[in-house]
Number of protein chains: 2
Amino acid sequence: MHSLSEENYLKAIYSQTKEGVSKITPTSIAEELRNNPASVIDMLKKLSDKKLLSYDKVKGAKLTEKGNKIAVEIVRKHRLWEVFLLEKLGYSWGEVHDIAEQLEHIRHEDLADRLDKFLGYPTYDPHGDPIPDKNGKLPATKWLPLSEIAIGKKVKVVNVDDNSPDFLKYLDRQEIGLNSIITIREIQNFDKSLLVELKGKKEVYLSPEASKKIFVE
Amino acid sequence: MHSLSEENYLKAIYSQTKEGVSKITPTSIAEELRNNPASVIDMLKKLSDKKLLSYDKVKGAKLTEKGNKIAVEIVRKHRLWEVFLLEKLGYSWGEVHDIAEQLEHIRHEDLADRLDKFLGYPTYDPHGDPIPDKNGKLPATKWLPLSEIAIGKKVKVVNVDDNSPDFLKYLDRQEIGLNSIITIREIQNFDKSLLVELKGKKEVYLSPEASKKIFVE
DNA sequence: TAATTTTATTAGGCATGCCTAATTTTAATT
DNA sequence: AATTAAAATTAGGCATGCCTAATAAAATTA
Ligand SMILES: [Mn+2]
Ligand SMILES: [Mn+2]
Ligand SMILES: [Mn+2]
Ligand SMILES: [Mn+2]
């Protein structure tokens, strides 16, 4: 079996792969896990011995099928637990991620499937991330960062790229959430801040950083 | 903060205290945790330094108020999660304990309280063990082992003392569960096996070991 | 009480998963 | 191409939580 730590490495590599990082290096992993490249190299060696990934100075790290399967299972559990925490326990979308970081490592044969059923087979988590199904299949996701939408367009928020309590509380205060309908009113010349209209509500400014983290369709 | 391992020690000492073990020794703890007395002594030293317990060759180990509080919180989470697994996810009472062993260590400020609310403030877990409330208070429990009940008496099963899948599956096959109504029909002379009648069902034999693990009122 | 058995304790080790401080490679600049 | 900067790797350590083997203390039994 694999340890909690090993699972977090696999998940980090999985997520960088999904993000399209072209070469997954000790440095990039260390940044994500907030630890040290030297520690990462130790672990890459171990996971490589276990055939969960390949590592090559030139090509970087890449999950094997076996490693990918484990990573997908953890991601599935993580996102299902987030749905549980939000829908059943009433946590906010800014609180669920940290708790799910712990819950994702709970191990039991059909726990994920039972949870999935109990929750009604949700397809997206509270941040709009797709939930792998029983077989690891992901629902389609086609979305664009708000920062690339033209003036006048009306769009719907379907994903946020930053699950930190900080950022999500910022959005809460702006009254922006998943499924918010947004129309771009102005793009400030001096810094690319956006002035957006929230359907039926108010107009708010979004920093360029924020608008890169909000995905819409 | 305390580690998962530390939490398990505190819980073990708590549970021996509740069982009325008069002197909680390195050996008794090691047996419960299935590890080595030498390891236990290391940990007793650490927990003692942290003021979570006192340890004395003569008096054995004893939780401080602080240590007791932590132990109660873990027991609370353990039992609440067991209720969740049984009632919401449809696990059997023989399966929930092992999963709850993992879930009890999930840490978040008001997780237990939210779970408690979600479950409708249950007072007993699937094995009949009392669930501490928000303030650590336990509901009353007055019950006797089935082995001490006289012939002819009709009693209700309210607790089982062994949460292992093995034993609980044995009870399942005998169709005995919490709230089963049982009448003692015979006590075998040669080994104290019981012949009991299950209300409206059938008569079954219970081994003396089993009858000591079934508590009734 | 003396011998025996059980329990507690100490000493020394090991695996895991981190770290820092070199050192070596590789990449980027000048 | 030479210099400089960044990234990868190696070496050596450390805390945690275990272990076994050896020793000391306590409890039992004879
Ligand atoms: Mn998350
Ligand atoms: Mn994690
Ligand atoms: Mn249990
Ligand atoms: Mn536990």
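So that the names make sense, note that chain A is the first sequence line, chain B the second, and so on, each numbered from 1. Quick caveat, the model's predicted, so the values are computed rather than measured.
- A donor-acceptor pair shorter than 3.5 Å can be found between the side chains of A:Y91 and B:D110.
- Between the side chains of B:N8 and B:H105, at least one donor N or O lies within less than 3.5 Å of an accepting N or O.
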> Can you give the dot-bracket line for DNA chain D, where a pair is Watson-Crick or G-U wobble with both atom distances under 3.5 Å, crossing pairs use [ ], and | marks a partner on another strand?
Replying inline: ||||||||||||||||||||||||||||||
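- The separation between A:M43 atom CE and C:dC18 atom P is 5 Å, rounded to whole Å.
- Nearest-nucleotide positions on DNA chain C for A:K57 and A:L4 put A:L4 closer to the 5' end.
- Within the nucleic acid shown, B:K45 comes within 4.0 Å of sugar-phosphate atoms alone, with no base atom in reach, counting heavy atoms only.
- The cationic atom of A:K142 (NZ for Lys, CZ for Arg) does not lie both less than 6.0 Å from the six-membered ring centre of A:F215 and within 45° of the ring axis.
- Ion pairing between a basic and an acidic side chain is recognised when a charged N comes within 4.0 Å of a carboxylate O; B:D116 and B:K134 show no such pairing.
- Between B:S3 and A:D56, the residue anchored nearer the 5' end of DNA chain D, judged by the nucleotide with its closest heavy atom, is A:D56.
- With a 6.0 Å cutoff to the six-membered ring centre and a 45° limit on the axis angle, A:K213 counts as a cation-pi contact of A:F167.
- Listed nucleotides: C:dC19, D:dC18, C:dA8. Nearest to the side chain of A:N36: C:dC19.
- Among the atoms of the strands shown, only primed sugar atoms or phosphate atoms (P, OP1, OP2) are found under 4.0 Å from some heavy atom of A:S5.
- Under the 3.5 Å distance criterion, with hydrogens and angles disregarded, a donor-acceptor pair is assigned to the side chains of B:N35 and B:Y9.
- Remark: the B:D162 side chain and the B:Y170 side chain contain no N/O donor-acceptor pair separated by less than 3.5 Å.
- At least one side-chain nitrogen or oxygen of B:T25 sits closer than 4.0 Å to the OP1 or OP2 atom of C:dA8.
- With C:dC18, D:dA8, D:dC18 as the candidates, the nucleotide lying closest to the side chain of A:S39 is C:dC18.
- Nearest to the side-chain atoms of A:A38 among the listed nucleotides D:dT9, D:dC18, C:dA8 stands D:dT9.
- Taking the side chain of A:T27 as heavy atoms from C-beta on, and the options D:dA7, C:dC18, D:dT9, the nearest nucleotide is D:dA7.
- Atom pair A:Y55:OH and D:dT10:P shows a separation of 10 Å (rounding to whole Å applied).
- If you measure from atom CD1 of A:I41 to atom C1' of D:dT9, you get 5 Å, rounded to the nearest angstrom.
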